[in-house]
**Student:** 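Below you will find the structure I want to go over with you.
All values below were derived from every heavy atom in this structure, side-chain atoms included, with hydrogens, water molecules and symmetry-related copies excluded.
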Amino acid sequence: RWTAKRKQLIVDSRLRTTSLLARTLASLERKPAVFVSASAIGYYGDTGDSIADEGSPVGGDFQADVCSRWESAADAAREAGIRVVHPRTGIVLAAHGGAMKPLLPLFKAGLGGRLGSGRQWWSWITLEDQVRAMLFLIDGTLEGPVNIAAPTPVRNSEFTVALGRVLRRPATIPVPEFALNVRLGTELAESLGYGSVRVSSQKLMDAGFTFESETIEEGLRAVFDDR
């Protein structure tokens, strides 16, 4: 749950480390060419059905505030002439851990289903493409914020159907909003479960990056087939 103490731990873990790294790199006589400083699509808050690109405004919730301050914590490196890149990462699909960890046991047991209405947009990326994108940013010339998400965001209901199909399990039991609110607290549930973030990865693709997994079915099969 996002208690006041937990929120402060989240803020401190991002800002203190990034600020220390940025200031240290800026002070070096031989500075690195690039500093890749993580962020997330949570920067945009809940975008509803609107598509967010790197020029879209910051959202108004806790996640958005953290991401905004997290990016600003790298300013010392930027001001020292180091190329700074902020990968704003979507929901990473991996076989172990991450966003899939709480979902997989339910779906494998045949108890999976959409969250709430299922109309919220999920911008996702496979772990493999995430790593490839990070290497691309290190070796490339992009700077500033860059959305790191597959070019085909899907509604949660579409994600649910695709995951059930890939796992060969039914996915017909919806999770009502109140249940997740009780489990996680309303603020965290709304931000991570029911929030809608639909982003464009055009900036990354215009720079020459290509995704191995472009559709949600491709992505889920790349992660879970033969496992």
Side-chain angles (χ1 to χ4, degrees), residues 1-2 6-7 9-10 13-14 17-18 36-43 63 66-67 70 86-116 118 120-138 146-175 179-180 183-185 188-197 199 201 204 209-227:
R1 287 174 177 267
W2 279 350
R6 179 63 180 166
K7 283 183 174 181
L9 286 171
I10 290 171
S13 70
R14 271 73 171 172
T17 332
T18 303
V36 178
S37 181
S39 188
I41 61 171
Y43 176 95
Q63 268 201 105
V66 170
C67 289
W70 194 3
H86 299 292
R88 291 178 179 167
T89 302
I91 298 170
V92 180
L93 307 183
H96 306 286
M100 301 303 296
K101 186 175 181 179
L103 295 179
L104 281 180
L106 289 173
F107 275 83
K108 287 182 176 180
L111 301 175
R114 59 177 169 77
L115 299 181
Q120 65 271 34
W121 289 95
W122 278 15
S123 294
W124 58 276
I125 186 171
T126 64
L127 179 58
E128 180 182 1
D129 275 341
Q130 169 73 14
V131 173
R132 291 178 58 249
M134 297 291 274
L135 293 173
F136 182 86
L137 294 179
I138 291 171
V146 182
N147 291 337
I148 307 295
T152 55
V154 294
R155 295 191 186 274
N156 172 259
S157 56
E158 298 174 70
F159 180 94
T160 296
V161 170
L163 182 56
R165 186 161 51 239
V166 169
L167 296 177
R168 300 180 181 86
R169 296 289 189 276
T172 57
I173 304 175
V175 178
L180 208 58
R183 177 68 179 85
L184 300 177
L188 179 57
E190 288 180 352
S191 186
L192 300 184
Y194 305 119
S196 182
V197 191
V199 304
S201 53
L204 181 64
F209 183 81
T210 57
F211 290 87
E212 292 290 334
S213 300
E214 292 194 355
T215 69
I216 189 60
E217 185 105 7
E218 290 174 345
L220 290 170
R221 291 201 180 280
V223 173
F224 296 113
D225 266 3
D226 301 323
R227 291 184 185 273

**Student:** Rounded to the nearest 0.5 Å, what separation is found between the NE2 atom of H86 and the OG1 atom of T18?
**Tutor:** 9.0 Å

**Student:** Compare every heavy atom of G195 with every heavy atom of Q120, then report the nearest pair and how far apart it is.
**Tutor:**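 Closest heavy-atom pair between Q120 and G195: CB-O, 3.6 Å.
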
**Student:** Give the C-alpha distance, both sets of side-chain angles, the deciding distance and a yes or no for side chain to side chain contact (heavy atoms under 4.5 Å, CB included) between F159 and L103.
**Tutor:** CA-CA 12 Å; F159 180 94; L103 295 179; 4.2 Å; yes

**Student:** Could you tell me if the side chain of F209 sits less than 4.5 Å from the side chain of S201, heavy atoms only?
**Tutor:** no

**Student:** Set out, in order, the CA-CA distance, both residues' side-chain angles and the distance that settles side chain to side chain contact (heavy atoms under 4.5 Å, CB included) for F224 and M100, then state yes or no.
**Tutor:** CA-CA 11 Å; F224 296 113; M100 301 303 296; 3.9 Å; yes

**Student:** Let me confirm one number: the OG-CZ distance from S39 to R14, rounded to the nearest 0.5 Å.
**Tutor:**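 The OG atom of S39 sits 10.0 Å away from the CZ atom of R14.
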
**Student:** Keeping the roles fixed (side chain from S196, backbone from W121), state whether a donor-acceptor pair exists under 3.5 Å.
**Tutor:** yes

**Student:** Are the side chain of R114 and the backbone of N156 linked by a donor-acceptor contact shorter than 3.5 Å?
**Tutor:**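 Pair absent, no side-chain N/O of R114 close to backbone of N156.
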
**Student:** Is it the case that the side chain of D129 and the backbone of A150 share a donor-acceptor pair, with hydrogens and angles ignored and the cut-off at 3.5 Å?
**Tutor:** no

**Student:** If I compare all heavy atoms of T126 with all of V92, which pair ends up nearest, and what's the gap?
**Tutor:**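 Distance-wise, the nearest heavy atoms are C-CG1, 4.3 Å.
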
**Student:** So if I apply the side chain to side chain contact (heavy atoms under 4.5 Å, CB included) rule between W122 and each of T160, I216, L115, V197, which one comes out positive?
**Tutor:**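 In the set T160, I216, L115, V197, the residue that makes a side chain to side chain contact (heavy atoms under 4.5 Å, CB included) with W122 is L115.
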
**Student:** Could you pull out the closest heavy-atom pair between L204 and A133, with the gap in Å?
**Tutor:** CD2-CB, 4.4 Å

**Student:** Just by modelled atom types, is the T210 backbone N or O under 3.5 Å from a matching donor or acceptor in the R132 side chain?
**Tutor:** yes

**Student:** Search all heavy atoms of A149 against all heavy atoms of I125 and return the closest pair with its distance.
**Tutor:**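 Looking at all heavy atoms of both residues, the closest pair is CA-CB, 4.1 Å.
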
**Student:** Taking C-beta and beyond as the side chain, do R221 and R165 meet within less than 4.5 Å on heavy atoms?
**Tutor:**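 In contact.
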
**Student:** Is the closest side-chain donor-acceptor distance between T89 and Q130 under 3.5 Å?
**Tutor:**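 Their side chains do contain a donor-acceptor pair, which is all the 3.5 Å distance test asks for.
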
**Student:** Any chance you could measure S123, atom OG, to I148, atom CD1, to the nearest 0.5 Å?
**Tutor:**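 CD1 of I148 is found 12.0 Å from OG of S123.
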
**Student:** Got a second to check how far Q63's CD is from K7's NZ, nearest 0.5 Å?
**Tutor:**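 Reported value, rounded in 0.5 Å steps: 11.0 Å.
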
**Student:** What is the minimum heavy-atom distance between P87 and L137, and which atoms define it?
**Tutor:** CB-CD1, 3.8 Å

**Student:** Hey, mind stepping through L167 and L104 against side chain to side chain contact (heavy atoms under 4.5 Å, CB included) and telling me if it holds?
**Tutor:** CA-CA 9 Å; L167 296 177; L104 281 180; 4.0 Å; yes

**Student:** Quick check: does any side chain N or O of W124 sit under 3.5 Å from a backbone N or O of T215, one acting as donor and the other as acceptor?
**Tutor:**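 It does not hold such a pair.
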
**Student:** Does CZ belonging to R1 count more than 12 external heavy atoms closer than 6.0 Å?
**Tutor:**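 More than 12 within 6.0 Å, yes.
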
**Student:** Of all heavy-atom pairs between G42 and C67, which one has the smallest distance, and what is that distance?
**Tutor:** C-SG, 4.1 Å

